[in-house]
Amino acid sequence: MNWNELLTPQRTGQPVEKTNHNRTEFQRDYDRLIFSAPFRRMQNKTQVFPLPGAIFVHNRLTHSLEVSSVGRSLGNNIARKIVESGEAQGNEYVEEIGSIVASACLAHDMGNPPFGHSGESAISHYFTNGEGRGYLDGLTEAEKGDLINFDGNANTFRILTHSFKGRRDGGFALTLPTVASIVKYPRASVGVKKFGYFQQDKEAFEHVMQSLNVSKSENGEYVRYPLVYLVEAADDICYQVMDVEDAYRLGILSYDETRELLMSFFDKETEVHVYDNLEKVCRTVTDKHEQVAYMRSIVIGKLVGICTETFWRNRESIMEGSYRNTLIKDLPETETRAMEIVKKLSFEQIYKHQSVVEIELSGFTIIGTLLDKFIKAIEEPDLYYSRLLKPFIPEQFQVAKDATMYDKLISAVDLVAGMTDLYALDLFKKIKGTI
């Protein structure tokens, strides 16, 4: 792969046109996303912790904004290195890599359902162990895989590219590089748990990859678009480090535990200046919340620098499609050890915390119930109860009466996955007759 083919202003569903905008095409991607309804709805979608009223922890929207900020730094770093090396001389779009990665980071979680990471599991559970099992007869293996292994990443690709009823052709009509940068798993759902597109969107996926001349591996699957590694690294950096800060603010971790975790990313013997600077900060900034915020910021800054160097060091294998690692798993010894400690503690004390488990339990019940009701309403629209539910099904999710079962199921999943936590809970209560 080469940058001259990988970077293009071409958009999904639209021909390349000369425009007189003051913004570049890639900057316009960012603006289209940030002003969109699916992006706005993420402010009421759980990241990890349930959304409290008094202490403002991260939701999907604030997480995405932070990931975008880190992604822009990574992209700008790589763009600078490419320009300085002369590896893409004369390519006017190289300097836009920061904007491309920032936009992709902004969109990377737009396909995630309500109730945090458990929302994906709840949809899968409905089709593997719930009432949804009975709808799978007659579907192809790939169509079944889309449902029983529902993946928020694939749903993001769908939101960005699918021509929903009443919407423009090509979905958001983003540039191809921005769309390609969110596809972490460039494959179909057959035989795998993580995949990049639903069967309804296969043609759009092929168009993006072929237009950018993305390489294929020996097994015939596409390799990752190179900028995916930067989007993934920005996400990994933010959710690992920010979950620790959220846990501190909620009282799950003490100040001492939080400080030890964050400072474990720095070697006491070789990075004495970092510890000295921290002591100076703590003497002048006595608010412990601000001290934790400072530690979090220097950890993120260090990881951005390391991931930049890791990408650049492995750029040949990344461009060949043979790089099999992630940037965050390719850290030096000190940072790798620190990240493993953070992951272990996060799993044991954060992700298993009662408040997190409670929202997972609620999510399973709410999502399963909503899917069951809306699938039946879409499948049998003439029933009295179905007609009562029809006003709750927006035009873009309505399908023809003679549509295939797969199309009907995907339509119901589209509807439920796009809901906010609060709306899903409110609708669940109305359906159950509890309000």
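Each residue takes its place number in the sequence, starting with 1. Values below: all heavy atoms of this structure, side chains included; hydrogens, waters and symmetry mates excluded. Note that this is a predicted model, so its numbers are computed, not measured.
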Give the intermediate values and the outcome of side chain to side chain contact (heavy atoms under 4.5 Å, CB included) for residues S181 and H108.
CA-CA 9 Å; S181 295; H108 83 283; over 6 Å; no
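- A cation-pi contact, defined as under 6.0 Å to the ring centre and within 45° of the axis, links R224 to Y229.
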Test side chain to side chain donor-acceptor pair (under 3.5 Å) on N155 and R158 and set out the steps.
CA-CA 5 Å; N155 199 42; R158 177 173 176 80; 4.8 Å; no
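- Residue S103 holds its OG atom at 9.5 Å from CZ of F26, rounded to the nearest 0.5 Å.
- At least one side-chain heavy atom of Y135 sits less than 4.5 Å from a side-chain heavy atom of Y126.
- Inter-residue side-chain proximity for M263 and V274 is flagged as met; some heavy-atom pair is nearer than 4.5 Å.
- Within a 6.0 Å radius of CD in E333, other residues, nucleotides and ligands contribute 12 heavy atoms or fewer.
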For L147 and T128, run side chain to side chain contact (heavy atoms under 4.5 Å, CB included): C-alpha distance rounded to whole Å, both residues' side-chain angles, the deciding distance at 0.1 Å, then the answer.
CA-CA 9 Å; L147 299 166; T128 53; over 6 Å; no
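- At least one side-chain heavy atom of Q291 sits under 4.5 Å from a side-chain heavy atom of Y255.
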Could you walk me through whether D421 and K45 satisfy the salt bridge (Lys or Arg N to Asp or Glu O under 4.0 Å) test, starting with their C-alpha distance in whole Å, then the side-chain angles of each, then the deciding distance to 0.1 Å, before giving a yes or no?
CA-CA 5 Å; D421 292 19; K45 284 192 175 186; over 6 Å; no
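- Residues T175 and D29 have side chains that bring a donor and an acceptor to within less than 3.5 angstrom of each other.
- For T420 and N44, the side-chain atoms include at least one donor-acceptor pair closer than 3.5 Å.
- Side-chain polar atoms of Y185 and N153 form no donor-acceptor pair below 3.5 angstrom.
- In this structure, F205 and Y222 have perpendicular ring planes: the angle between them is above 60°, well past the 30° mark.
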Please test D276 against K280 for salt bridge (Lys or Arg N to Asp or Glu O under 4.0 Å), starting from the C-alpha separation and ending with a verdict.
CA-CA 6 Å; D276 289 342; K280 291 177 183 176; over 6 Å; no
Set out, in order, the CA-CA distance, both residues' side-chain angles and the distance that settles ring-ring contact (aromatic ring centres under 6.0 Å, His included) for Y248 and H289, then state yes or no.
CA-CA 9 Å; Y248 166 69; H289 290 308; 5.2 Å; yes
Run the side chain to side chain contact (heavy atoms under 4.5 Å, CB included) check on M1 and N213 step by step: do they pass?
CA-CA 7 Å; M1 294 181 284; N213 202 18; over 6 Å; no
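- Residues I375 and I378 form no side-chain contact, since every pair of their non-hydrogen atoms from C-beta on lies 4.5 Å or further apart.
- Around CD of E87, the count of heavy atoms belonging to other residues, nucleotides or ligands within 6.0 Å exceeds 12.
- A side-chain N or O of D146 and one of S189 form a donor-acceptor pair less than 3.5 Å apart.
- More than 12 non-hydrogen atoms from other residues, nucleotides or ligands lie less than 6.0 angstrom from CD of E221.
- In summary, the side chains of E232 and T326 do not present any donor paired with an acceptor at a separation below 3.5 Å, with no hydrogens or angles considered.
- Side-chain contact between P332 and I306 is present, with at least one heavy-atom pair separated by less than 4.5 Å.
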For the pair D414 and S411, evaluate side chain to side chain donor-acceptor pair (under 3.5 Å) and give the outcome as yes or no after the intermediate values.
CA-CA 5 Å; D414 285 336; S411 178; 5.4 Å; no
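- With hydrogens and angles disregarded, no donor-acceptor distance shorter than 3.5 Å links the side chain of Q240 to the backbone of I237.
- With Y225 as the fixed residue, the side chain to side chain contact (heavy atoms under 4.5 Å, CB included) test singles out one of I318, L6, V208: L6.
- Ion pairing between E340 and K329 fails under the 4.0 Å rule for side-chain N and carboxylate O.
- Using a 4.5 Å heavy-atom cutoff, the side chains of I97 and N76 are not in contact.
- Side-chain contact check for S254 and D256: no donor-acceptor pair (N or O, by modelled atom type) lies under 3.5 Å.
- Annotation: the span from Y197 atom OH to E203 atom CD amounts to 12.0 Å, rounded to 0.5 Å.
- With a 6.0 Å radius and a threshold of 12 heavy atoms from other residues, nucleotides or ligands, E5 has its CD atom above the threshold.
- Residue-environment remark: CD (E260) stays at or below the threshold of 12 foreign heavy atoms within 6.0 Å.
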Please assess F364 against H125 for the test ring-ring contact (aromatic ring centres under 6.0 Å, His included), listing each intermediate value before the final yes or no.
CA-CA 8 Å; F364 266 69; H125 177 83; 5.3 Å; yes
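- Counting heavy-atom neighbours within 6.0 Å of E95 CD, excluding the residue itself, gives a total of 12 or less.
- Salt bridge present: E141 and K144 bring a charged side-chain N and a carboxylate O closer than 4.0 Å.
- To the nearest 0.5 Å, atoms CD (E245) and CG (L250) are separated by 10.5 Å.
- To the nearest 0.5 Å, atoms OH (Y323) and CZ (R315) are separated by 13.5 Å.
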Evaluate the criterion side chain to side chain donor-acceptor pair (under 3.5 Å) for residue pair Q200 and Y406; output intermediate values, then yes/no.
CA-CA 9 Å; Q200 263 195 6; Y406 172 74; 5.9 Å; no
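- Ionic pairing of R60 and D109 is present here: one or more N-O contacts between side-chain nitrogen and carboxylate oxygen are shorter than 4.0 angstrom.
- Looking only at side-chain heavy atoms (C-beta outward), R259 and K288 stay at 4.5 Å or farther from each other.
- Taken to the nearest 0.5 Å, the CG atom of L230 stands 9.0 Å off from the CG atom of N77.
- For H63 and D235, the side-chain atoms include at least one donor-acceptor pair closer than 3.5 Å.
- Between atom CZ of residue R337 and atom OG of residue S264 there is a gap of 8.5 Å, rounded to the nearest 0.5 Å.
- S68 contributes no side-chain N or O that, together with a main-chain N or O of S64, makes up a donor-acceptor pair within less than 3.5 Å.
- Between the side chain of S69 and the main chain of E66, no donor-acceptor pair closer than 3.5 Å is present.
- Judged by distance alone, the side chain of R11 and the main-chain N or O of E25 form a donor-acceptor pair under 3.5 Å.
- Taking 4.5 Å as the limit, every side-chain heavy atom of F195 sits out of range of all side-chain heavy atoms of F150.
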